[in-house]
Amino acid sequence: MTNQEIANLLRQVAAAYTIKRENRFKIIAYEKAADTISGLNNDLQDLWKEGKLFDLPGIGKAIGGYLDELFRKGVVRHFNQVLAQLPASMFPLMELSGFGAKKAYKLVTSLKLKNPKTAVEDLANAAKQGKIAPIEGFGEKSQQEILEAINRFKKGQKRTKRMPLAYAYEIANNVIEYLVRHQDTKEAVPLGSLRRMLATIGDIDIAVSTNNPEAVLDWFINYPKKFKVIEKGPSGATIILLNGTQVDLRVQKPEMFGAMLLYFTGSKRHNIHLRELALRKGLSLNEYGIKPIKKTKNLELSTKNFDQKMKLYTFSNEIDFYQALGLPLMTPEIREDTGEIEASIVHNLPKLVELTDIKGEFHIHTNYNLEPSHDLGASPLSEILNNASKLGYEYVGISDHNPSIGNHTSSQIVSILKRRKANYEQILSSLKSVRVKLLIMLEIDILPSGKLAVPDEAFEYLDAAIVSIHSNFHLDKDSMTKRVLSGLSHPKAKILAHPTGRLLERREGYELDWAKIFAFCKERNKAIEINSYPDRLDLPDYLVRQAVDEKVKLTIDTDSHAASQMDLIKYGVFVARRGWATKDDIINTMPYNKMKEWLEK
DNA sequence: GCCGTTTTCGGCCCGACTGTTTTCAGTCG
């Protein structure tokens, strides 16, 4: 069973308890457990095998025990008993927007819908025949809304694509630049997953701090690249851009801007955790500020800075808001409730890597034609070196793809690489003004056998190599792990590039045994790449976090195929930050000499 | 049913929105 299937099972049990009018906190407990499981990055069953089931938040004695039974026997007797008391046809209806357990149950029982397979269609027919409006608690309007929900559901079967972070980020920046040109805009900031720098983004949300919301909203809906206005109210507006992207704007008064940012940046789980924490101190948090609430015990101890008579404390920025709770600012990238709140309570948040820490990178393709089987870059070495100089880099590694093995003999490959080295060295010496150090590297295919796609003698002309998978993506986990480890075994193979092979929204990566990969890398001084290319962002953030925990070294590279793409490095830095990486975890924050030392050990 | 800077009992995130209601229930993010 997948995590989503298990989470779904728990949600069904929660729904059953809702109908049976069980203790509502018990229902919430099941929903919480389901949320935890659906948000996991690891297979729940693997965690169970490792005995970590009960470490998960929201999974205690009872639910943990049932899950244990599920993994041992394949079924949970208690769950089956509970679910058997309800009509199975109610669950498909709960997929519809606006439907919870109660509405679904009421409708299937009132209308005698028995077949789960046809329940949605049967409900649509009932609505069309006007059979829903007379049911107690329903009316004409809700009958109409149900029909619309069913239509949306049918359309929504083809799920809407999310866009890679980099595209959303650029679009949002353009809108923000436009917004701050208005005199009444005090500040404009992205919200939600965009501000937290998730790998993919749905809609773009932006917040503006202003004392004149009306004027800013008018300015916004006249954005030059607007296609149409969806809605405009007193506190926000929504437009669709010419490229089809939806952009939501929210406005707030400057004195309340901090609470608003916190609330709409999320994540939801971060906010909930924060509110639970605050509640124990006698404080209630909402999107407008902090409310002291009446508590019987230990009032002075916990809320000594808060006057109970005050209705609402407001905050113009997030730093003050967090500080009021006795916490340091948590950067948006880590607000996922994966331990950041616990760490901040004991003032043990890591100092995350920053863009300015980057001193170079290793993965850039030039237009030098070494007849590879994959694509060449578009820019000459000179342009790349000049750009590196502009970025303030100390060094760049050029990692063109290896010459194709189909079209060349081993000795031809060696001589191509020899020629390339001579060519690069000549270019470098001709660029007197450029002080950037050059590393002559290569991105080498790891063949399905685990062998590298260049002969051993070729390494004489390389300072170091990046290795990566570009073929036979469908090997099983064990074979792929062996393949990668074999490829990484060469002493000059120092970096594993785009390690999962994923392409966002287009291709799942292959599977690897990360525990083995991490252990190998740590022992043999290999680094794993965080590839900044917009469609990749690979290593993914949660694996970065695991690598950091295992003290595995990482690099942040762009995989640039043109000099202009070197700016993409910031997205890799965002991923690293989401994975709690510090400067010390990243090889290319080291100055040249230290980095060189690491490459050679 | 879960959990602990109120700690093994006694609490449990918060407000907006909608539709059906005359004060609330259900759903959502």
Side-chain angles (χ1 to χ4, degrees), chain A residues 10-11 13-15 17-19 21-36 54-67 78-79 82 93-107 132-146 148-149 191-193 202-203 205 233-236 248 250 259-260 262-291 293-304 312 325-327 337 341-342 344-347:
Chain A
L10 293 177
R11 290 204 178 93
V13 175
Y17 283 154
T18 306
I19 302 307
R21 299 185 179 279
E22 279 277 357
N23 177 318
R24 82 190 162 95
F25 295 109
K26 185 166 158 182
I27 297 163
I28 291 170
Y30 272 84
E31 282 166 351
K32 257 190 180 171
D35 284 346
T36 294
F54 294 89
D55 297 346
L56 297 170
I59 300 204
K61 241 182 178 175
I63 295 179
Y66 292 137
L67 292 175
H78 173 67
F79 288 176
V82 172
L93 299 193
M94 290 178 63
E95 306 284 316
L96 301 167
S97 75
F99 275 66
K102 292 189 179 179
K103 198 183 278 187
Y105 179 77
K106 179 124 198 190
L107 286 170
I132 291 178
I135 301 172
E136 188 201 357
F138 293 83
E140 285 296 335
K141 270 195 169 173
S142 51
Q143 178 167 273
Q144 197 52 38
E145 171 54 34
I146 286 168
E148 282 161 24
L191 297 169
S193 52
D203 295 336
D205 296 310
S235 63
D248 292 345
R250 294 175 181 281
M260 186 229 211
L262 197 59
Y263 179 82
F264 285 105
T265 297
S267 67
K268 189 184 168 189
R269 292 171 60 154
H270 176 86
N271 287 348
I272 289 176
H273 192 157
L274 220 50
R275 282 181 224 150
E276 287 169 345
L277 189 76
L279 206 57
R280 292 202 287 277
K281 298 183 178 191
L283 302 170
S284 173
L285 311 185
N286 62 31
E287 64 181 281
Y288 310 108
I290 299 180
K291 281 190 304 194
I293 51 176
K294 289 193 177 71
K295 280 278 170 179
T296 45
K297 285 188 269 179
N298 271 2
L299 194 59
E300 297 115 283
L301 186 86
S302 48
T303 61
K304 57 184 173 215
L312 182 75
L325 300 173
L327 299 171
D337 193 24
I341 293 175
E342 292 86 343
S344 67
I345 288 170
V346 294
H347 296 281

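Proteins get letters first, then strands, A, B, ... in listed order; numbering begins at 1 in each. These values consider heavy atoms only, across backbone and side chains, with no hydrogens, waters or symmetry-generated copies.
Atom P of B/dA16 sits at a distance of 26 Å from the matching atom of B/dG11, rounded to the whole Å. The gap from the C1' atom of B/dG10 to that of B/dG15 amounts to 25 Å, rounded to the nearest Å. With C1' as the reference atom, B/dT21 and B/dG26 are 13 Å apart, rounded to whole Å. Taking atom C1' in both B/dT23 and B/dT18, the straight-line distance is 15 Å, to the nearest Å. Spacing between B/dG1 and B/dT8 at atom C1', rounded to whole Å, works out to 14 Å. B/dA25 and B/dT20 have their C1' atoms separated by 9 Å, given to the nearest Å.
You'll find that the side chain of A/Lys102 is closest to B/dG26, out of B/dG1, B/dG26, B/dG15. Nearest nucleotide to the side chain of A/Ser142, out of B/dC14, B/dG15, B/dT20: B/dT20. Closest to the A/Lys141 side chain, of the nucleotides B/dA16, B/dG1, B/dG19, is B/dG19. Of the listed nucleotides (B/dC14, B/dG1, B/dG29), B/dG1 has the atom at the smallest distance from the side chain of A/Asn23. You'll find that the side chain of A/Lys61 is closest to B/dC2, out of B/dC14, B/dG1, B/dC2. Among B/dC2, B/dG19, B/dT27, the nucleotide with an atom closest to any side-chain atom of A/Ala62 is B/dC2. Of the candidates B/dG29, B/dC14, B/dC12, the closest approach to any side-chain atom of A/Lys268 belongs to B/dG29.
Nucleotide B/dT27 holds its C1' atom 14 Å from the CG atom of A/Leu107, rounded to whole Å. Between the C1' atom of B/dC3 and the CD atom of A/Glu342 lies a distance of 13 Å, rounded to the nearest Å. A/Asp35 has its CG atom 13 Å from the C1' atom of B/dC28, to the nearest Å. Between A/Glu140 atom CD and B/dT20 atom P there is a gap of 9 Å when expressed in whole angstrom units. Summarising the geometry, the separation between NZ on A/Lys32 and P on B/dC2 is reported as 11 Å, rounded to the nearest angstrom. Rounding to whole angstrom units, CD of residue A/Glu287 and C1' of B/dG29 are separated by 11 Å. Here the C1' atom of nucleotide B/dG15 and the NZ atom of A/Lys291 are 9 Å apart, to the nearest Å.
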side-chain contact (heavy atoms from CB on, under 4.5 Å) between A/Asn271 and A/Leu285, intermediate numbers included: CA-CA 9 Å; A/Asn271 287 348; A/Leu285 311 185; over 6 Å; no

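Heavy atoms of A/Lys103 sit under 4.0 angstrom from primed sugar atoms or phosphate atoms, though from no base atom. Residue A/Asn271 is out of contact with every strand shown, counting any heavy-atom pair closer than 4.0 Å. Here A/Leu277 lies out of heavy-atom contact (under 4.0 Å) with every strand. Residue A/Ile63 is in sugar-phosphate contact alone, with no base atom involved, counting any heavy-atom pair closer than 4.0 Å across all strands shown. A/Ala101 comes within contact range of the sugar-phosphate backbone alone, with a heavy-atom separation under 4.0 Å but no base atom that close. Nucleic acid contact class of A/Ile28 (heavy atoms, under 4.0 Å, all strands): none.
No salt bridge links A/Asp35 with A/Lys268; every basic N to acidic carboxylate O contact stays at or beyond 4.0 Å. A salt bridge does not link A/Glu276 with A/Arg269: none of the charged nitrogens is closer than 4.0 Å to a carboxylate oxygen.
Looking at residues two or more places apart in sequence or on another chain, you find a side chain to side chain contact (heavy atoms under 4.5 Å, CB included) between A/Asp248 and A/Asp205, A/Thr238, A/Gln246.
The 5' end of DNA chain B is approached more closely, in terms of each residue's nearest nucleotide, by A/Tyr66 than by the other of A/Tyr66 and A/Gln143.
Cation-pi contact between A/Lys102 and A/Tyr105: absent, since separation from the ring centre below 6.0 Å together with deviation from the ring axis within 45° is not met. Cation-pi check for A/Arg250 over A/Phe264 is met; the charged atom lies under 6.0 angstrom from the ring centroid and within 45 degrees of its normal.
Between the side chain of A/Lys26 and the backbone N or O of A/Tyr17, no donor-acceptor pair lies under 3.5 Å.
Interface remark: the A/Tyr263 side chain does form a donor-acceptor pair with the B/dG29 base, using a distance-only criterion of under 3.5 Å.
Using N1 to N3 plus N6-O4 or O6-N4 for Watson-Crick, or N1-O2 and O6-N3 for G-U wobble, each under 3.5 Å, B/dT8 pairs with nothing.
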